Amino acid sequence: MIGFLPAAAGFAAMLAMMLIGIPVAVTLFLTALLGTLAYLGIPTLMMFGTQTWSVLNDFILTAIPLFIFLGELLVRSGVADGMYRSLTDWLRRLPGGLLHTNIASSSLFAAVSGSSVATAATIGTVAIPTMEKYGYEDRITLGSIAAGATLGILIPPSINMIIYGSMSNTSIGQLFAAGIVPGIVLALLFMVYIAVASLLKPSIAGRTPPSVPLAQKLRNLLDILPPLMIFALVMGSIYLGWATPSESAALGVIGALVVTIAKRRFSFAMLHEAMLSTVKISAMILLIVVAAQFLNFVIGILGVPQMLTAVVGSIASSPLEVLLLLVVFYFVLGCFLETLSMMIATIPIVMPIVIHFGIDPVWFGIFLVIMMEVALITPPLGMNLFIVQGVRGRGSVADVMWGSMPFVAIMLAMIVLLIAFPGIALWLPGQMFP
């Protein structure tokens with residue numbers, strides 16, 4: 001078994017390579033390569049091909065490119081425009097007005113796109129010009145979009161959950177079910193904060209958009225149907241036992257194609273762009289997964305999980321103490337690393353500790369995803385901060401950062417609620433998968 005100091009040095013070297021800009025997949029493979037050459041020898045290195053085949057032969061990973069393709073189609077279908085307008089009709093009178101529309105539209109779009117970055121870019125493109133028109137304060141506007149978009153990896157379907165489930169041998173269906181209630185609760189907490197902040201300081205909310213006749217409101221509700229129907233198609237087919245997560249992703253793609261055609265946005269040029277983007281993103285993710293699997297194989301032979309479990313056991317004596325350590329660990333790590341690479345790099349190390357202390361892997365998956373959400377809007381490298389600032393196209397990214405800080409606090413409060421009341425995440429999977 002390798003000692004703590006060499007293992008810590010290897011992990012520090014891996015983080016250093018990521019921070020200086022070496023691609024994540026290359027970093028993971030180099031870390032595994034150095035560990036192999038230093039402690040195991042060439043015969044172990046020859047197992048790389050077998051490990052690659054093993055991970056890529058997992059049928060569940062088929063869902064990744066399908067859900068990415070689904071998100072790409074929805075981004076190009078114009079769904080977000082009509083959805084935002086319809087939700088504005090019904091939420092405009094709440095304290096905070098369009099700020100609530102940002103959260104609600106992000107939640108709906110997240111429920112079908114599975115991507116926080118796509119949600120931030122799409123909703124930001126629609127919301128920012130509208131809110132500038134009505135005089136909303138920049139910081140809370142940008143913060144609500146960046147934070148609302150993080151729901152893309154919590155509300156199912158979620159690519160991050162698929163990867164976590166694949167790497168930890170956890171049911172994807174249960175993870176999807178576990179993300180629904182926390183996702184709704186977190187969205188409601190965001191909206192409560194917006195309402196309170198708007199009541200305390202009315203100037204942040206700007207002017208109220210003009211009202212529309214009830215008949216027009218009801219007609220505009222049709223624009224909410226496409227994301228709801230795709231969500232019902234994807235999730236319903238899983239929970240009714242009609243389809244696996246991969247098959248449900250294919251059904252979602254068919255639904256997205258139908259929506260795109262119905263909205264007259266379909267063209268072969270658009271389809272080519274969506275497919276090309278899907279291939280690029282899928283190749284990047286799967287290459288990271290392959291490299292992470294080989295690193296997992298190497299550290300398993302070296303006995304790193306057992307060693308770390310013993311070390312953590314000497315520091316923490318209860319699951320609560322372990323979780324508090326992990327909150328600090330992921331919060332600090334999330335300030336400097338991209339969320340997907342952070343998750344993939346740490347799951348092989350953290351999961352043995354989680355299992356040793358009797359923490360439910362489904363519950364921990366939701367805990368981990370929320371910590372990834374925090375990382376998406378935590379300076380200095382939160383991805384959503386720069387996506388929203390890029391869509392805005394003026395001013396300083398500091399506005400987005402300051403506007404996101406209250407939402408970071410709300411997410412950390414959600415972690416506390418999740419620890420205090422595990423049923424928030426586990427109740428629905430228990431009902432659907434008795």
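Since the model is a prediction, treat every value here as computed from it, not as a measurement. Numbers here are sequence positions counted from 1.
- Summarising the local packing, CE of Met167 is surrounded by more than 12 heavy atoms from other residues, nucleotides or ligands at distances under 6.0 Å.
- In this structure a side-chain-to-backbone donor-acceptor pair under 3.5 Å is missing from Thr260 to Arg265.
- Residue pairs meeting the salt bridge (charged side-chain N to carboxylate O under 4.0 Å, His left out) criterion with at least one member in residues 7-24: none, sequence neighbours excluded.
- Formation of a donor-acceptor pair under 3.5 Å by the Tyr164 side chain with backbone atoms of Ile347 is not found in this model.
- Between Asn220 and Lys217 the shortest side-chain heavy-atom distance does not fall below 4.5 Å.
- Rounding to the nearest 0.5 Å places CG of Leu28 at 12.5 Å from CG of Leu33.
- Side-chain contact between Glu247 and Ile238: absent, with no pair of heavy atoms (C-beta onward) separated by less than 4.5 Å.
- Here the side chains of Glu373 and Leu151 are in contact, with some heavy-atom distance below 4.5 Å.
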**Message:** The test is side chain to side chain contact (heavy atoms under 4.5 Å, CB included); show your working for Val362 and Ser171 and say whether it passes.
**Reply:** CA-CA 8 Å; Val362 173; Ser171 165; 5.7 Å; no
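- Within the structure, ring pair (Phe, Tyr, Trp, His ring centres under 6.0 Å) pairs that include any residue of residues 90-149 do not occur (at least two apart or interchain).
- Between atom OG of residue Ser86 and atom CG of residue Leu218 there is a gap of 9.5 Å, rounded to the nearest 0.5 Å.
- The backbone N or O of Ala121 sits less than 3.5 Å from a side-chain atom of Thr125, completing a donor-acceptor pair.
- Checking each of Ile68, Val259, Leu257 against Leu73 for a side-chain contact (heavy atoms from CB on, under 4.5 Å) leaves exactly one that passes, namely Leu257.
- Under the ring pair (Phe, Tyr, Trp, His ring centres under 6.0 Å) criterion, the residue pairs touching residues 374-416 are Phe190-Phe407, Tyr193-Phe407, with sequence neighbours excluded.
- Between Phe176 and Phe67, the ring planes lie perpendicular to each other; the angle is over 60°, past the 30° to 60° tilted range.
- Ser166 places no side-chain N or O within donor-acceptor distance of the main-chain N or O of Ile163, the cut-off being under 3.5 Å.
- The shortest side-chain heavy-atom distance between Pro156 and Ile180 falls under the 4.5 Å cut-off.
- Between Glu72 and Ser277, the side chains place a donor N or O and an acceptor N or O closer than 3.5 Å (distance only, hydrogens not considered).
- The two residues Gly252 and Leu70 have their closest heavy-atom pair at O-CD1, 3.2 Å.
- In this structure, CE in Met131 is found 7.5 Å from OG1 in Thr101, a value given to the nearest 0.5 Å.
- Closest heavy-atom contact between Val400 and Ala146: CG1-CB, 4.3 Å.
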**Ile145 and Val391: CA distance, side-chain angles, deciding distance, side chain to side chain contact (heavy atoms under 4.5 Å, CB included) verdict** = CA-CA 11 Å; Ile145 296 170; Val391 172; over 6 Å; no
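- Ion pairing between Arg394 and Asp399 fails under the 4.0 Å rule for side-chain N and carboxylate O.
- How far CD1 of Ile261 is from OG of Ser267: 11.0 Å, rounded to the nearest 0.5 Å.
- Under the 4.5 Å side-chain criterion, counting only non-hydrogen atoms from C-beta, Ser404 is in contact with Leu385.
- For the atom pair OG of Ser198 and CG of Leu99, the computed distance is 5.5 Å after rounding to the nearest 0.5 Å.
- Within 6.0 Å of CZ in Phe421 there are 12 or fewer heavy atoms belonging to other residues, nucleotides or ligands.
- Residues Phe367 and Ile359 have side chains not in contact (no heavy-atom distance under 4.5 Å, counting atoms from C-beta outward).
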**Message:** Assess the residue pair Val290 and Leu286 against the criterion (side chain to side chain contact (heavy atoms under 4.5 Å, CB included)); give the C-alpha distance rounded to whole Å, side-chain angles, the decisive distance to 0.1 Å, and a yes or no.
**Reply:** CA-CA 6 Å; Val290 166; Leu286 292 175; 5.5 Å; no
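- Of all heavy-atom pairs between Ala25 and Leu287, the closest is CB-CG, 3.7 Å.
- Between the side chains of Ser144 and Asn102, at least one donor-acceptor pair of N or O atoms lies under 3.5 Å.
- The shortest heavy-atom contact between Ile424 and Pro182 is O-CD, 3.5 Å.
- Residue Met17 places its CE atom among more than 12 non-hydrogen atoms of other residues, nucleotides or ligands, all under 6.0 Å distant.
- Nearest heavy-atom pair, Pro157 versus Val234, reported as atom, atom and distance to 0.1 Å: CG-CG1, 4.3 Å.
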**Item:** Ile159 vs Ile153, side chain to side chain contact (heavy atoms under 4.5 Å, CB included): CA-CA, chis, key distance, verdict
**Value:** CA-CA 7 Å; Ile159 294 169; Ile153 61 173; over 6 Å; no
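- A distance-only check finds a donor-acceptor pair linking the side chain of Trp363 to the backbone of Leu418 [under 3.5 Å].
- Under the 4.5 Å side-chain criterion, counting only non-hydrogen atoms from C-beta, Met372 is not in contact with Leu376.
- Distance CD/Gln216 to CG/Leu221: 10.5 Å, rounded to 0.5 Å.
- Taking each heavy atom of Pro209 and Thr88 in turn, the nearest pair found is CG-CG2, 4.1 Å.
- Between Ile230 and Leu74, some side-chain heavy-atom pair lies under the 4.5 Å cut-off.
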